[in-house]
2 protein chains.
Amino acid sequence: MKNECEFCSFKSKAALMLSDGEIGRLSDNCALVKLNKGDTVIKQGAFSTNVVYLRSGLAKIHISGPYYEQIVRIVKPPSYLALPTTFGDKINQYSVTVIEKAEVCFIDMIIFRYLLSINPSFSYEIMIELCRNELEVFYRCANRTQKQIRGKIADLLLEMSDQIYHSSLFSLPVSQSEIGNLIDASRESVSRVLTEFNKEGIINMKGKRIEIENRNTLLLISSNG
Amino acid sequence: MKNECEFCSFKSKAALMLSDGEIGRLSDNCALVKLNKGDTVIKQGAFSTNVVYLRSGLAKIHISGPYYEQIVRIVKPPSYLALPTTFGDKINQYSVTVIEKAEVCFIDMIIFRYLLSINPSFSYEIMIELCRNELEVFYRCANRTQKQIRGKIADLLLEMSDQIYHSSLFSLPVSQSEIGNLIDASRESVSRVLTEFNKEGIINMKGKRIEIENRNTLLLISSNG
DNA sequence: TTATATTTGTGATATAGGTCACAAATTCAT
DNA sequence: ATGAATTTGTGACCTATATCACAAATATAA
């Protein structure tokens, strides 16, 4: 399916830098795909000639660790994926899997690199994204290490509510095991803490639906260990 | 002190992409500084208008975490630092401190961005570096989480020997507390493991001098937890 | 070189969070 | 809707590693 990028209402900040002609080139080499929860967007180790633009939905980035698959971060749109594939060798260095019904554009890598080479503003915006990613991982790194489980879960809930869903009521896009994997804790501990928070009236949880009832207490727990 | 970049024998791969004229521009806006262990290269929170090129020596990147300063990685040359400052706001988002006598070039950010905008090959190489950084943090992330202390220290020793010093005999550039901070362990545990390795004949340690005696066992421990 | 500050080694003890096991609840596919 | 598969809740128990507390060893500065 061909995407009409010129009329796309989910353009990335970088894509806004492109001229009409450039957008046309992009459009001709870009395929929009709708994906469901669990679908693989990028498979680590596979050969690829595409950059992927996450246009809507949610995905997780995970890599194969020494003992098991490790989720390294949740990605929300707008976001470019597989950039290391574009710039390094053509083998995907991590996997990306949809965790919430997503629209994704597969962009031919040659065109993407061509656009980078002729449009410095486009290139500049992509660099900003790369830097932001790096900083985010740094920040997570310190957080993962220094906080205890209650703090890490409080953080995650606040992030979901503030950064991802922009609402105090949302449905967790991942299982408790995946949360555990992401924040470096066992599934059982995640369950225990979530239940605690529920009993303490901090959140109201039924199934995967969560409503944050007491944001301030979460903030407190987040900065307490 | 003005640096004569055209004659620099420690050029980055990116800098090799620059034309003579471009190198000249760089040279005019670049200051070479020699720094000692403990010297601050970049201070998180401070305003900056420079990119920093690590030309020789070693440095650590650390950020302020929720409870204490967290070392996120050791940087070896050639490497550009403070790129997020260049691309985002002008405030440094992390600190960089020298851990082994270093030479560093402070490059005016305006020139750096100018070169990026006119030279796509230069820009391309910088993007490769940004991507490599991201992947490296992903990898570390999985490692830190999934391995036990012996495995993490084995990894660190192998990295020092293979990646940093290219020799089985080297002197640790950081204290055991810093190692603990980097691999997410207490100083005491680091000491115990290093002592164990020493007694087990895997390494030969006196003071900060370490010689790797049994590389294979280290590899084994590294992939064992 | 000498004094001072920092780093390291090691035993004793404490604990956060992991692991196991199984029942209950949800979610998914037909 | 219905049965199968997955996810969640929770008690009992375990363990890797943190903490504490010093003494010994090294590194640093005067």
Side-chain angles (χ1 to χ4, degrees), chain A residues 36-39 60 66-68 70-71 97-101 143-154 156-157 171-200 203-210 221 224-225, chain B residues 36-39 65-68 70-71 97-101 143-154 156-157 171-200 203-210 221 224-225:
Chain A
N36 290 312
K37 178 162 186 157
D39 290 348
K60 60 176 179 184
Y67 301 107
Y68 50 86
Q70 177 78 46
I71 304 176
T97 304
V98 171
I99 56 174
E100 197 165 281
K101 198 184 268 291
N143 243 29
R144 255 198 237 229
T145 303
Q146 296 180 22
K147 284 189 183 169
Q148 300 185 233
I149 296 194
R150 281 174 64 95
K152 292 193 276 191
I153 293 188
L156 186 77
L157 293 173
S171 180
L172 283 174
V174 287
S175 70
Q176 293 183 2
S177 326
E178 285 174 292
I179 293 178
N181 183 309
L182 179 65
I183 67 171
D184 184 18
S186 71
R187 184 224 109 210
E188 292 91 331
S189 297
V190 172
S191 176
R192 275 184 252 269
V193 169
L194 247 18
T195 307
E196 272 168 39
F197 283 2
N198 201 32
K199 283 184 183 144
E200 293 165 16
I203 60 174
N204 186 321
M205 169 174 64
K206 52 164 107 103
K208 293 212 176 296
R209 284 258 125 201
I210 285 192
I221 292 170
N224 244 335
Chain B
N36 290 310
K37 178 162 187 156
D39 289 349
Y67 301 106
Y68 50 86
Q70 178 77 45
I71 303 175
T97 304
V98 172
I99 57 173
E100 198 165 281
K101 199 184 266 291
N143 243 28
R144 253 197 239 230
T145 302
Q146 295 180 23
K147 285 189 182 168
Q148 299 185 233
I149 297 193
R150 280 173 65 96
K152 292 193 277 189
I153 293 187
L156 186 77
L157 293 174
S171 179
L172 283 174
V174 288
S175 70
Q176 294 184 0
S177 324
E178 285 174 293
I179 293 177
N181 182 311
L182 179 65
I183 68 171
D184 184 16
S186 71
R187 185 223 109 210
E188 292 91 331
S189 297
V190 173
S191 176
R192 274 185 254 268
V193 169
L194 248 17
T195 307
E196 271 168 42
F197 284 2
N198 201 33
K199 282 182 184 146
E200 292 164 17
I203 61 174
N204 186 321
M205 169 175 63
K206 52 165 108 100
K208 295 213 177 294
R209 284 257 126 201
I210 286 193
I221 292 171
N224 246 337

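Quick caveat, the model's predicted, so the values are computed rather than measured. In the text below, chain A, chain B and the rest are named by the order of the sequence lines, each starting its count at 1.
- Considering only heavy atoms from C-beta on, R144(B) stays 4.5 Å or farther from R144(A) through its side chain.
- Within the structure, a side-chain polar atom (N or O) of S186(A) is placed less than 4.0 Å from OP1 or OP2 of dG18(C).
- Across the protein-nucleic acid pair, M205(B) atom CE and dT7(C) atom C1' stand 12 Å apart, rounded to whole Å.
- Heavy atoms of other residues, nucleotides or ligands lying less than 6.0 angstrom from NZ of K208(B) number more than 12.
- Of all nucleotides listed (dG17(C), dT10(C), dA21(C)), dA21(C) comes nearest to the side chain of E188(A).
- When side chains are defined from C-beta on, L182(A) counts as touching L156(A), because their heavy atoms get closer than 4.5 Å.
- Applying the salt bridge (charged side-chain N to carboxylate O under 4.0 Å, His left out) criterion to E100(A), with sequence neighbours excluded, gives no partner residue.
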Inset, instruction - For DNA chain C, just give me the dot-bracket, please: Watson-Crick or G-U, both distances below 3.5 Å, ( ) intra-strand, [ ] crossing earlier pairs, | paired with another strand, . unpaired. - result: ||||||||||||||||||||||||||||||
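- The nearest whole Å value for the distance from the NZ atom in K152(B) to the P atom in dA16(D) is 14 Å.
- The NZ-C1' distance, from K147(A) to dG17(C), rounds to 18 Å in whole Å.
- Atom pair L194(A):CG and dG9(D):P shows a separation of 7 Å (rounding to whole Å applied).
- For dT8(D), one of the phosphate oxygens OP1 or OP2 lies less than 4.0 angstrom from a side-chain nitrogen or oxygen of K208(A).
- Side-chain proximity of R187(B) to the nucleotides dT19(C), dA16(C), dA21(D) is greatest for dA21(D).
- Distance alone, capped at 3.5 Å, is enough to place a donor-acceptor pair between the N198(A) side chain and the M205(A) backbone.
- A straight line from CD of Q146(A) to C1' of dA18(D) spans 15 Å, rounded to a whole angstrom.
- Here the nucleotide nearest the side chain of I149(A), chosen from dT10(C), dA12(D), dG17(C), is dG17(C).
- With rounding to whole Å, R209(A) atom CZ is found 15 Å from dT8(D) atom P.
- Rounding to whole angstrom units, CD1 of residue I210(A) and P of dT26(C) are separated by 14 Å.
- Between S189(B) and dA18(D) there is a side-chain N or O to OP1 or OP2 distance below 4.0 Å.
- Judged by atom type and distance alone, R192(A) reaches the base of dG11(D) through a side-chain donor-acceptor pair under 3.5 Å.
- Side-chain atoms of I210(A) and L157(A), non-hydrogen and from C-beta on, do get closer than 4.5 Å to each other.
- At a threshold of 4.0 angstrom between heavy atoms, the contacts of S191(B) include nucleobase atoms, whether or not backbone atoms are also involved.
- Taking the side chain as every heavy atom from C-beta outward, I153(A) and V190(A) approach each other to under 4.5 Å.
- For DNA chain C, the neighbouring residues in residues 172-185 of chain A, judged by any heavy atom under 4.0 Å, are D184(A), A185(A).
- What separates CD1 of I153(B) from P of dT8(C) is a distance of 12 Å, to the nearest Å.
- Taking the side chain as every heavy atom from C-beta outward, E188(A) and S191(A) never approach each other to under 4.5 Å.
- Contact between V174(B) and K37(B) at its shortest, heavy atoms only, is N-NZ, 4.4 Å.
- Contact annotation: the side chain of D184(B) approaches that of K152(B) to within less than 4.5 Å [non-hydrogen atoms, C-beta and beyond].
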